[in-house]
Amino acid sequence: MARRYDCNESTDRATGLREAASAVRRGELVVLPTDTVYGIGADAFGSEAVGDLLAAKGQGRNTPTPVLIGSPNTLHGLVTDFSEQAWELVDAFWPGALTLVARHQPSLQWNLGDSRGTVAIRMPLHPVAIELLTEVGPMAVSSANLTGHPAPEDCDAAQQMLGDSVSVYLDGGPTPGIVPSSIVDVTGRVPVLLREGALSPEELRKVVPDLEVAS
């Protein structure tokens, strides 16, 4: 039976975060609010848990699961060949609605999907998400919806779709909106905007003037 906690109430929030952290460590799934939409998350290093996440959504491995982190410092252990421009983007827009596609450390044993040696990584601007990520470390997090259905802006919508496939629901109230994060590929010499979302090319070029936009 899934448990749900109201994170706008201090006692329930503390209990919910503790229960969510325990669930993640056991390899179970949790739903958490972010600064874009609600996400379904699992331990990023738990291959079976990530597989359960994909199964809960009805999603194939051809769409790799992004990773959320609670601090930019976590990047040092996760990515390699991270350029000065990539760090400038982190400094300017994290925490926030910017996802960076980077090359992950070859030694990492994770199974996020058919990622070809890269990882899509972000630090969300949401206190509940950051607190959980700080406690448990990197999490594989995808939008908390069934594939083909709208991404949920509140916990009710997420729970209606995912039900008891999730152990713990953290209800932070409605999210600010459904505009997704912008995705920038920083694996090459020049950053490339793969998806325009909350951040426009003009905003990004204030930090990295040579940003290209994928056709």
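Every value quoted in this text rests on a predicted model; they were computed, and no experiment measured them.
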(message) Please determine whether a side-chain nitrogen of the Lys or Arg among Asp156 and Arg4 lies less than 4.0 Å from a carboxylate oxygen of the Asp or Glu.
(response) yes
(request) State plainly whether the residues Glu135 and Arg25 are in salt-bridge range, i.e. N to O under 4.0 Å. (result) yes
(request) Tell me, yes or no, whether the heavy-atom count around Arg103 atom CZ, taken from other residues, nucleotides or ligands under 6.0 Å, exceeds 12. (result) no
(request) Indicate the ring-plane relationship of Phe45 and Trp110, choosing parallel, tilted or perpendicular according to the 30° and 60° boundaries. (result) parallel
Donor-acceptor side-chain pairing of [X] and [Y] below 3.5 angstrom:
X	Y	answer
Ser200	Arg205	no
Thr65	Ser142	no
Asn111	Glu48	no

Do [X] and [Y] come within less than 4.5 Å of each other through their side chains, counting heavy atoms only?
X	Y	answer
Arg61	Leu54	yes
Leu193	Ser182	yes
Leu204	Phe93	yes
Pro191	Asp210	yes
Glu88	Val208	yes
Lys57	Ser143	yes

(message) Checking Leu100 against Trp94 for the side chain to side chain contact (heavy atoms under 4.5 Å, CB included) test, could you report, in this order, the C-alpha distance in whole Å, the side-chain angles of both residues, the deciding distance, and whether it holds?
(response) CA-CA 10 Å; Leu100 297 176; Trp94 279 17; 4.1 Å; yes
Say whether [X] and [Y] are linked into one hydrophobic cluster, either directly or through other cluster members, by side-chain heavy-atom distances under 4.5 angstrom.
X	Y	value
Leu108	Val67	yes
Ile183	Leu211	no
Leu75	Met123	yes
Leu17	Val24	yes
Ile40	Val50	no

Measuring from atom [atom1] of [X] to atom [atom2] of [Y], what distance do you get when rounded to the nearest 0.5 angstrom?
X	Y	atom1	atom2	value
Tyr5	Asp12	OH	CG	7.5 Å
Thr187	Phe82	OG1	CZ	11.0 Å
Leu170	Cys7	CG	SG	4.5 Å
Cys155	Gln160	SG	CD	10.0 Å
Gln59	Leu53	CD	CG	7.5 Å
Leu78	Gln105	CG	CD	8.0 Å

(request) Test Val31 against every option in Val168, Val166, Val141 by the side-chain contact (heavy atoms from CB on, under 4.5 Å) rule and name the one that passes. (result) Val166
For [X] and [Y], work out which heavy atoms get closest and say how close.
X	Y	answer
Met161	Leu146	SD-N, 3.6 Å
Thr36	Ser181	CG2-N, 4.0 Å
Ile130	Gly70	CG2-O, 3.9 Å

(request) Take Val190 and Gln85 through the test side chain to side chain contact (heavy atoms under 4.5 Å, CB included) and record every step on the way to the result. (result) CA-CA 8 Å; Val190 176; Gln85 287 181 310; 5.5 Å; no
(request) Report the residues that fulfil side chain to side chain contact (heavy atoms under 4.5 Å, CB included) with Pro124, sequence neighbours left out, ordered by chain and then residue number. (result) Thr34, Asp35, Leu68, Arg122, Ala129, Leu133
(message) As a quick check of understanding, evaluate side chain to side chain contact (heavy atoms under 4.5 Å, CB included) for Val79 and Val119, giving each step before the final call.
(response) CA-CA 8 Å; Val79 300; Val119 60; 4.3 Å; yes
(message) Does Leu98 form a side chain to side chain contact (heavy atoms under 4.5 Å, CB included) with Leu89? I'd like the steps, not just the answer.
(response) CA-CA 8 Å; Leu98 175 65; Leu89 287 168; 3.9 Å; yes
